[in-house]
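What follows is a single structure, written as structure tokens, with notes after it.
What you see is a predicted model; the values in this text were computed from it and never measured. Chain A is the first sequence line, chain B the second, and so forth, proteins listed ahead of strands; every chain is numbered from 1.
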Protein chains: 2
Amino acid sequence: MNLEEVARLAGVSRSTVSRVVNGDAKVSASVRARVQDVVREHGYHPNAAARSLASRRTRILGLLIPRASGAIFSDPFFPVLIQGAVDACNHADHNLMLLMDTDEEAPTAEGSRLHRRVLRGRHLDGVAVAASVVDDPVVALLRKERLPFVLIGRHPDPAVAYVDADNRGGSRAAVAHLVAHGRRRIATIAGPRTIRAGRDRLDGYRDALAAAKLPSNPALIGDGDFSRRDAHRATHALFGQPP
Amino acid sequence: MNLEEVARLAGVSRSTVSRVVNGDAKVSASVRARVQDVVREHGYHPNAAARSLASRRTRILGLLIPRASGAIFSDPFFPVLIQGAVDACNHADHNLMLLMDTDEEAPTAEGSRLHRRVLRGRHLDGVAVAASVVDDPVVALLRKERLPFVLIGRHPDPAVAYVDADNRGGSRAAVAHLVAHGRRRIATIAGPRTIRAGRDRLDGYRDALAAAKLPSNPALIGDGDFSRRDAHRATHALFGQPP
DNA sequence: CTGTTAGCGCGTTCAT
DNA sequence: ATGAACGCGCTAACAG
């Protein structure tokens, strides 16, 4: 069942059916109704590939998760991220393609599968990149392919679009809240300094302490890697501190 | 840059280029080399949509995760599942589309987005279904669409393909191992009986006890829901038992 | 082994 | 408002 058949059954041209299917306004009510009946009755649905070929859009968005962040298994952030991406795609009537490099190959190399098949094949309308590493080379690649993209997590280059939580501000607000409640000995468990979010939150913590004229005690800064395990360990260590 | 251009530059026909690109053996070595040079030099890569339209294959596989299993966030199984699916797709030079229903709509209804756009649009070559619920109605849907699919987790109907761990056998082997080491008082923390895996593993436990002629003591069977929390609680409860 | 010829199913001018 | 005609880029018979 394709456009052609629907057109025949409805006694109109393919163009008209296409217009109805795509919600084009320039179709008389009667014709529209007739076409819609046929569509419904025969369960017609446009073929995605043909549509993509003609329209030059795939209605597929990519979510690129660097394998490097092997944290996919431990960090509870990823399931949430994935779920959110899928939801957003659903709402926009798009589909989500999950892109992760497989260990063996350099993910950003010119010849990588990702690069070859997905990016060059124009398989995607755009891609969101869960950039773990600052200055990920994938950025250059995406630019060269002229594929619209957005980074998840701040990026130094002001020209690249990104979305991120306000890590520093949030951290600062949390600590300020404790200060406002009279606390004066406030600890934090900081993430790796190699990761932006880790640095930013620690900065926010320090911001708030400084604003409250509280001393910054290194002994009150625990270390973690965003995992439960580390958080657990660091918490115990902190509580083991002398008061 | 498309087949046509490559053909022109290499002084051959489109078909020949297509053959080279698709690894068809019936091309002379010299011509093949010439074509490959042009391809590499100009960074040609076949357009996915056009290819799909002509070949009637998308090289996209779906991974359907029912939202119902809200466990996506807590159950560490899902990240592993997703990762595994992506890896398998990568190896087979396919891509993975992630399918999850969004809360608001009945996932299996005829008019659901999933059904309309993805299944009927022939967007996928096949789909793997992380079936949580026994007798998921999505099975009927997939059958009707004649879309190849495989369930992740056992299914009652022998006609549907599924992959699963050998829960019963694995459990039996684990317990038998303890028995072989002289243990005679063996406990288990069983999953929900409503879930196949839970029942199967408990059955395996009982199998092994029976085979060893050991009594089955209900007090040694803890309850859990596959979560860390429950496992922790149940373990404490078991250790609290009188010896 | 290579080229020619048809489509694949749809979007999109351009006339009417 | 509707239809005719063309093109999207590629695969797949079919000849030769």
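A sub-4.0 Å separation between OP1 or OP2 of C:dT2 and a side-chain N or O of B:Ser28 is present. Look at B:Ser13 and you'll find a side-chain N or O under 4.0 angstrom from OP1 or OP2 of C:dG3. The phosphate of C:dG11 (OP1 or OP2) has a side-chain N or O of A:Ser18 nearer than 4.0 angstrom. Taking 4.0 angstrom as the limit, A:Arg14 places none of its side-chain polar atoms (N or O) nearer than this to OP1 or OP2 of D:dG3. Considering only side-chain N and O atoms, A:Asn47 lies nowhere under 4.0 angstrom from the phosphate OP1 or OP2 of C:dC8. Put simply, B:Arg56 has a side-chain N or O that comes within less than 4.0 Å of OP1 or OP2 on C:dG9. Phosphate contact (OP1/OP2 of C:dC8, side-chain N/O of A:Asn2, threshold under 4.0 Å): absent.
For the residue pair B:Arg51 and B:Asn22, a side-chain donor N or O sits within less than 3.5 Å of a side-chain acceptor on the partner.
In this structure, B:Arg32 and B:Asp24 approach most closely via the heavy-atom pair NH2-O, 2.9 Å.
Atom P of nucleotide C:dT2 and atom CZ of B:Arg19 are separated by 9 Å, given to the nearest angstrom. Distance, A:Asp24 CG to D:dT2 P: 11 Å, rounded to whole Å. The distance between atom CZ of B:Arg120 and atom P of C:dC10, rounded to the nearest whole Å, is 12 Å. Summarising the geometry, the separation between CZ on A:Arg32 and P on D:dT2 is reported as 9 Å, rounded to the nearest angstrom. In this structure, the CZ atom of A:Arg51 is 14 Å from the C1' atom of C:dT12, given to the nearest Å. Separating the CZ atom of A:Arg59 from the P atom of C:dC10 is a distance of 15 Å, rounded to the nearest angstrom. The CZ atom of B:Arg57 sits 18 Å away from the C1' atom of D:dG9 (whole-angstrom rounding). Distance B:Glu4 CD to C:dG3 C1': 13 Å, rounded to the nearest Å.
Salt bridge annotation for A:Asp207-A:Arg168: present, with a cationic side-chain nitrogen under 4.0 angstrom from a carboxylate oxygen.
Not a single donor-acceptor pair, N or O on each side, falls under 3.5 Å between the base of D:dG9 and the side chain of A:Arg122.
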### Query
Should A:Arg172 and A:Asn167 be marked as a side chain to side chain donor-acceptor pair (under 3.5 Å) after you check the CA-CA gap, both sets of side-chain angles, and the distance that decides it?
CA-CA 8 Å; A:Arg172 188 191 299 132; A:Asn167 285 302; over 6 Å; no
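Of the candidates D:dG9, C:dC1, C:dC10, C:dC1 carries the atom nearest the B:Lys26 side chain, counting heavy atoms from C-beta on. With distances taken from any side-chain atom of B:Val31 to the nucleotides C:dC10, C:dT2, C:dT13, the minimum falls on C:dT2. Of the listed nucleotides (C:dT2, C:dG3, D:dT11), C:dG3 has the atom at the smallest distance from the side chain of B:Val12.
Within the 4.0 angstrom heavy-atom criterion, base atoms lie near A:Leu53. Within the nucleic acid shown, A:Val21 has no heavy atom closer than 4.0 Å to any nucleic acid atom. A:Ser15 comes within 4.0 angstrom of a base, heavy atoms only.
For B:Arg146, the CZ atom counts as loosely surrounded, since its 6.0 Å shell holds 12 or fewer non-hydrogen atoms of other residues, nucleotides or ligands.
Checking B:Asp200, B:Asp166, B:Asp164 one by one against B:Arg154, the salt bridge (charged side-chain N to carboxylate O under 4.0 Å, His left out) holds for a single residue, B:Asp200.
Nearer the 5' end of DNA chain C, as judged by each residue's closest nucleotide, is the contact made by B:Val27, out of B:Ser55 and B:Val27.
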